[in-house]
Amino acid sequence: MDGELKAIYDAILEGDMESVTEGVHASLDAGEAPGEILNTALISAMERVGNLFEEGEYFVPEMLVAARAMKAGLEILRPHLADSGVDPVGKVVIGTVKGDLHDIGKNLVGMMLEGAGFEIVDLGTDVTPDLFVAAIQEGADVVGLSALLTTTRPTMKNTIQAIEESGLRDQVKIIIGGAPVTADYARQIGADGYAPDASQAASLAKELIS
Ligand code: B12
C-alpha cells in the first residue's frame, strides 16, 4: 500500500475523520484510481476494524468512529466511483422492524456493509413488512432485519412471511440480528442467516451472495 493510502487506512482505524477527508482528496488529486482508494484504503481498513472488534481490541465506540470516518471518505469518493464504473458488490435493504425504534446497531451494520462495498438502502426504524416488500421490489440482493425488543422479534417472522407472500423470497437473502435474536431463531423463522455483530454481518452478507 502506498504512503497516501496507508495514511487513509490508519486514519480510519483511528477514527480520524479529518485526516481521512484530506487523504482521500489528496489521493484523488494525485491521480489515484477511486476504486483503488475504496478497496485498498477504505474497505481494508473496515475489515481490520471488524477483526479488531472480534479480537476484543475495539469496542462499539471505536467501531462507530471508524465507520463514521470511513463514511466521510466514501462520500467524497462516491461521485468518482460512479464516474469510473466501480460497481457495488450488491444491494442491501436494511431496517428495524415495525414497533421497534432502536437503530444504533442497525446503523452500525449498515456502515460495515457499506464499508464492505455494498450499496445500502436504509429504511430506518419502525418499518412495516409492506415497506420492506416495496423496497425489495426496487431491487435488492440482501435484506437485513433488526429487532432489539422481545416484543418486536415476532415481527421479523411476519416480515419474512410478507416477503414470501409477495413472491420475492427467492430473489433475496435475508439476514437478521439484534440482542434478542439467535441463530436458532433465524432458522425457525426461515431467515438465511444471523450475525451477532456488524463485523460478522458484513462477512455473512458477502458469503451469502458469493
Ligand atoms: C439505546 C437503547 C434505547 C434507546 C434507543 C436509541 C436508538 N436510537 O437506538 C431508547 C432510549 C430510545 C430506547 C427505548 C426503549 N428501549 Co431500549 N435499549 C437501548 C440499549 C441501552 C442499547 C441498545 C444499543 O444501541 N446497543 C448497541 C448496539 C451497537 O448493539 P445492538 O443494538 O445489539 O446491535 C448489534 C447486534 O445486535 C447486531 N445487529 C443489530 N441489528 C442487526 C441487524 C442485522 C441484519 C444483523 C445481521 C445484525 C444486527 O449488530 C449490531 C452491531 O454490532 C439496550 C440495552 C442493551 N444493552 O442492548 C436497551 C434495550 C434494548 N431497550 C429495552 C427497552 C425495554 C426499551 C423500551 C421499551 C423502554 C421503554 N419502556 O420505553 C423502549 C422501546 C422503544 C421502541 N419502541 O423501540 C430493553 C429490551 C428488553 C427486551 N428484552 O425486550 C433493553 C434490552 C434494555 C433492558 N435491559 O431492559 N432504548
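Start at 1 and go down the list; that is how both ligands and their atoms are numbered. Note that these values count all heavy atoms, side chains included, but never hydrogens, waters or copies made by symmetry.
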Considering all protein heavy atoms, does one lie under 4.0 Å from atom 50 (O) of ligand 1? yes
Name the closest protein heavy atom to atom 86 (C) of ligand 1, giving the residue it belongs to and the distance to 0.1 Å. Leu148 O, 4.7 Å
Please check if a non-hydrogen protein atom sits closer than 4.0 Å to atom 72 (O) of ligand 1. no
Is atom 26 (N) of ligand 1 less than 4.0 angstrom from at least one protein heavy atom? no
Taking only heavy atoms of Ala198, which atoms of ligand 1 are found under 4.0 Å from at least one of them? 50 (O), 52 (C), 53 (O)
Is Tyr58 close to Val49 at the side-chain level, that is, under 4.5 Å between some pair of heavy atoms? yes
Where ligand 1 meets Ile176 - atom numbers and elements under 4.0 angstrom, heavy-atom basis: 44 (C), 45 (C), 46 (C), 47 (C)
Would you say that Leu123 contacts Val93 through its side chain, given a criterion of any heavy-atom pair below 4.5 Å between the two side chains? yes
Cationic N near anionic O, under 4.0 Å, Lys6 to Asp2: no
Using a strict cut-off of 4.0 Å, indicate which atoms of ligand 1 neighbour a heavy atom of Asp197. 38 (C), 50 (O), 53 (O)
Which of these passes side-chain contact (heavy atoms from CB on, under 4.5 Å) with Val181: Thr150, Leu145, Leu148, Ile176? Ile176
Residue pair Leu101 / Asp126, side-chain heavy-atom distance below 4.5 Å: yes
Heteroatom distance test (Leu101, ligand 1): nitrogen or oxygen, under 3.5 angstrom: yes
So if I count the atoms of ligand 1 from 1 in the order they appear, which ones are less than 4.0 Å from some heavy atom of Thr150? 82 (C), 83 (N), 84 (O)
Test item: Asp141 and Val92 side chains (from C-beta on) under 4.5 Å apart, heavy atoms: no
Under a 4.0 Å N-O cut-off, is there an ion pair linking Asp16 with Arg68? no
Does a side-chain heavy-atom distance below 4.5 Å link Met63 with Met112? yes
Have a look at Val92, Val142, Asp103 and point out the one with the heavy atom closest to atom 7 (C) of ligand 1. Asp103
Within-shell test, Pro180 vs ligand 1, heavy atom, strictly < 4.0 Å: no
Enumerated ligand 1 atoms positioned under 4.0 Å from heavy atoms of Ala201: 47 (C)
Please work out, at 4.0 Å between heavy atoms, whether the side chain, the backbone, both, or neither of Ser199 comes within that distance of ligand 1. neither
For atom 42 (C) of ligand 1, tell me which residue out of Gly105, Ala202, Gly50, Gly177 has the closest non-hydrogen atom. Gly177
Protein contact for atom 2 (C) of ligand 1 (heavy atom, distance under 4.0 Å): yes
So, are Asp100 and Arg153 salt-bridged, with charged N and O less than 4.0 Å apart? no
Check the pair Leu74 / Leu38 against side-chain contact (heavy atoms from CB on, under 4.5 Å), numbers first and verdict last. CA-CA 8 Å; Leu74 192 63; Leu38 175 73; 3.6 Å; yes
Tell me which part of Ile104 gets within contact of ligand 1: side chain, backbone, both or neither, using heavy atoms under 4.0 Å. both
Considering only protein heavy atoms, determine whether one is less than 4.0 Å from atom 69 (C) of ligand 1. no
Tell me which one of His102, Met156, Gln200 gets a heavy atom nearest to atom 61 (C) of ligand 1. His102
Hey, are Lys206 and Glu47 close enough for a salt bridge, meaning a charged N less than 4.0 Å from a carboxylate O? yes
For ligand 1, which atoms have a heavy atom of Asp100 less than 4.0 angstrom away? 78 (O)
Within a 6.0 Å radius of atom CD on Glu55, are there more than 12 heavy atoms belonging to other residues, nucleotides or ligands? yes
For ligand 1, is there an N or O atom under 3.5 Å from any N or O atom of Thr151? no
Measuring from the heavy atoms of Gly193, does anything fall under 4.0 Å of ligand 1? no
Non-hydrogen protein atom less than 4.0 angstrom from atom 22 (C) of ligand 1: no
What atoms of ligand 1 come closer than 4.0 angstrom to any heavy atom of Gly144? 45 (C)
What about Gly99: any of its N or O atoms under 3.5 Å from an N or O on ligand 1? yes
May I ask you to test the Ile94-Lys106 pair for a side-chain heavy-atom distance under 4.5 Å? yes
Which atoms of ligand 1 are found less than 4.0 Å from any heavy atom of Gly178? 37 (O), 39 (N), 40 (C), 41 (N), 42 (C), 49 (C)
Indicate, as side chain, backbone, both or neither, the part of Thr96 found under 4.0 angstrom from ligand 1 when only non-hydrogen atoms are considered. neither
Salt-bridge contact Arg78-Glu114 (side-chain N to carboxylate O under 4.0 Å): yes
